[in-house]
Amino acid sequence: MDNIGSIKGVGSKTIDTLNKLGLYTISDLIEYYPYRYNVIQLVNVNDINDNENIYTIKGIVDTEPKVTFIKRNLNRMTFRLNSNGILVNVTIFNRAFYKNNLKLGRVINVIGKYDKLKNTFTANDIKFEIINDMKIEPVYHLSNGVKRGNLVKIIDEAFKTNFDLEDYIPDYLVSKYQFMDKKTAALKIHFPLSGSGIKKAKVRVIYEEFFKFMFKMNYLKYRYDIHNEGLSRNVDKTLVDEFIKSLPFTLTTDQEAAVNDIYNDLTDSKRMNRLVLGDVGSGKTLVAEIAMYMNYLSGYQSSLMAPTEILARQHYANMLDLYKNTDVKVGLLVGSMKKSEKTKVYKQLINKEIDIVVGTHALISEGVEFNNLGLVITDEQHRFGVNQRSNLQNKGTMCDVLYMSATPIPRTYALTIYGDMDTSIIKTKPNGRKDIITKVVKEKDLKDVLLHMVEEIKEGHQIYVVSPLIEDEEGESNINDVVKLKEKFDLAFHNKIRVEILHGKMKQQEKDNIMEQFKNGDIKVLISTTVIEVGVDVKNSTMMVIFNAERFGLATLHQLRGRVGRNSLQSYCYLICNMEIERLKVMEESNDGFYISQKDFELRGEGDLFGVRQSGDMVFKMGDLRRDYKILLQCKEDSREFLLANIVNNFRNYPQYRDLLKQLEHID
Ligand code: ADP
Ligand code: MG
């Protein structure tokens, strides 16, 4: 049995928590790789001369630990540590559960910051497996209820079971590149002994990951090439022009060019396969909406798929308004709708009582059938997996396909991945837009930001606040989570300004409710996680305040910042962090997404084996487009050759690829 339940020590409670991480089988678990490593190096307390950096020291527990419960979710434990004869006062928050392990006389490591003057060591963590010199420790994405140590133990036990790992690298390539065996690689990655050992193992994992991905991309291209005859259609250009003229503003030059490209594609007998790449706020939605109008004029149905419900609902509301003087009938389909509501939409789609449907991945579910789907659009395309995109196209036989993306990766990389698609690039911003004034601010200077917030609100404007976490379950006390921030702001504003929170764990109805009230201006400050990152458009908001900005990649920060500056008002963005972060300066310097993503890639640097990964939109588990670009190019070529050589016999020697294709074709 390849089920995680068969691993020693894994009971039903652990199974539940592992399932939440998307782990069901032993191989899922084995392939749940760390996203980075901590290098822990032991130092002598005497040698610590700053109160800024994190250090690891060793010592003997010298007094019984004392625990104080400060409030719900917050406790403090203190004890004395004898480190090489120096008696240090250790404080640690939210680790009361360690108390029983901290027996007098026990040798431990504590990791944290040391204040020499006060002789206090504020620890983030305590280690009981002693580090005497240096240790490389993998860091995993964890969820509620799984602790790092537990996960490592479970993975260790998993390796002792008899399991199979599906290897997607064809055998001839394994020998060509002299890759190590997949299990060996996995073992080295989870239990690293040296940096160089990890590196070789990682290359193998990355190659497989890229190979599989590029295989799918190549396959979609292949499928497009052999079925590229499209719908023959007529689009009445004068009606399109009239529609564009009726809009409240004129199109930018690049929007106009993109619309033209799409018009040519739609009226051509070849199927459209186009990517519209444009910076945040460049007005891609409108281009999509015009495309769908053209498709409507030629008599076909369109679907627009968005990555979140918030975004789908926003598009829906906009389109009701945009098409109000036409006969276009718009429908909405999202996961949280009642069964009866969905069934109604299904019916309307098949009877062609809906011309344009907008929704989330609910659009690709079983029940959805169209009368004559002619155009399929995915918004924020880089947010979707290849499978999901493929499945939507399968709903219509000869559909034209359009992808919209504010891709967080530089153009060269985007083109390698989305490769052989036609592209339209939108660089120009709508008229009258001002650059967003951006400042990196240390947390201790937050007061200035608060004052500015009050000013903006007095002007009648609104503000987004973003935090990396909903609630700081790991107890990393330096993170301003959403919940803490609300308390903080309510206090600062004496409850006189309406502050609300929005995050992914809330019920759909609550989210809609909050979003609605933010849109109509009742809520002045909206604190959220990165759920707000994609697409949301509230023109009246003029300020974005991002806490723990050091936790986000530049591309994500740019996307977040793109929520403001959506009209001619001057907008501002504050990046709050605890320390000096060089790369954040790029945000102060530039408002150009293409430039920022390029910089992001440059700054992350080559071979940063121990570097911090981007948070947010991580397409690959281990691969890094810039660092591993050569591998990506190689995989593109290798997987293409492999595809062409084996598709003729339906991958006779590669059953794992038959399964992969089934997923892409959505045949169960
Ligand atoms: P994107 O999806 O590219 O990030 P949006 O489509 O959300 O950007 O557009 C950003 C904002 O600009 C929207 O409020 C939209 O109504 C507005 N907009 C789009 N095109 C124009 C234009 N040509 N002139 C003025 N405003 C525009
Ligand atoms: Mg958009």
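Each ligand, and each atom within it, is numbered from 1 in the order the structure gives.
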Next on the checklist: Between Y296 and Y323, does the ring pair (Phe, Tyr, Trp, His ring centres under 6.0 Å) criterion hold? Intermediate values first, please.
Outcome noted: CA-CA 11 Å; Y296 158 79; Y323 300 125; 7.9 Å; no
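- For ligand 1, the atoms closer than 4.0 angstrom to any heavy atom of T250 are 22 (C), 23 (N), 24 (N).
- For S282, the closest heavy-atom approach to ligand 1 falls below 4.0 Å.
- Of the charged side-chain nitrogens involved, none lies within less than 4.0 Å of a carboxylate oxygen, so that D279 and K427 do not count as a salt-bridged pair.
- Looking at Q509, Q517, E516 one by one, the single match for side-chain hydrogen bond (donor to acceptor under 3.5 Å, both in side chains) with N513 turns out to be Q517.
- Close contacts between ligand 1 and T252 involve ligand atoms 23 (N) [criterion: under 4.0 Å to a heavy atom].
- Less than 4.0 angstrom separates some heavy atom of G283 from each of these atoms of ligand 1: 1 (P), 3 (O), 5 (P), 6 (O), 8 (O), 9 (O), 19 (C).
- Taking any N or O of K284, backbone or side chain, at least one lies under 3.5 Å from an N or O belonging to ligand 1.
- Ring-plane geometry between Y293 and F243 is classed as parallel, the angle between the planes falling under 30 degrees on a 0 to 90 degree scale with a further cut at 60.
- No heavy atom of E256 sits closer than 4.0 Å to any atom of ligand 1.
- A salt bridge is absent between K245 and D241; no separation between the charged side-chain nitrogens and carboxylate oxygens falls under 4.0 Å.
- Residue contact check: D279 has heavy atoms under 4.0 Å from atoms 3 (O) of ligand 1.
- Put simply, part of G281 is less than 4.0 Å from ligand 1, judged by heavy atoms.
- A salt bridge is defined here as a Lys NZ or Arg NE, NH1 or NH2 lying under 4.0 Å from an Asp or Glu carboxylate O, and D400 with R233 meets this definition.
- The shortest N or O to N or O distance between V280 and ligand 1 is not below 3.5 Å.
- Of the polar atoms of L251, none of the N or O atoms is found under 3.5 Å from an N or O of ligand 1, judged by distance alone.
- By the criterion of a heavy-atom distance under 4.0 Å, the side chain of R433, and not its backbone, is placed next to ligand 1.
- Ion pair R498/D522 not flagged as a salt bridge, since none of the NZ, NE, NH1 or NH2 atoms sits closer than 4.0 Å to an Asp/Glu carboxylate oxygen.
- Ion pairing between a basic and an acidic side chain is recognised when a charged N comes within 4.0 Å of a carboxylate O; K488 and E443 show such pairing.
- Heavy-atom proximity to atom 16 (O) of ligand 1, evaluated over R566, K539, Q559, is greatest for K539.
- Closest of all the heavy-atom pairs between A406 and K284 is CB-NZ, 3.7 Å.
- By the 4.0 Å heavy-atom criterion, D379 is excluded from the residues contacting ligand 1.
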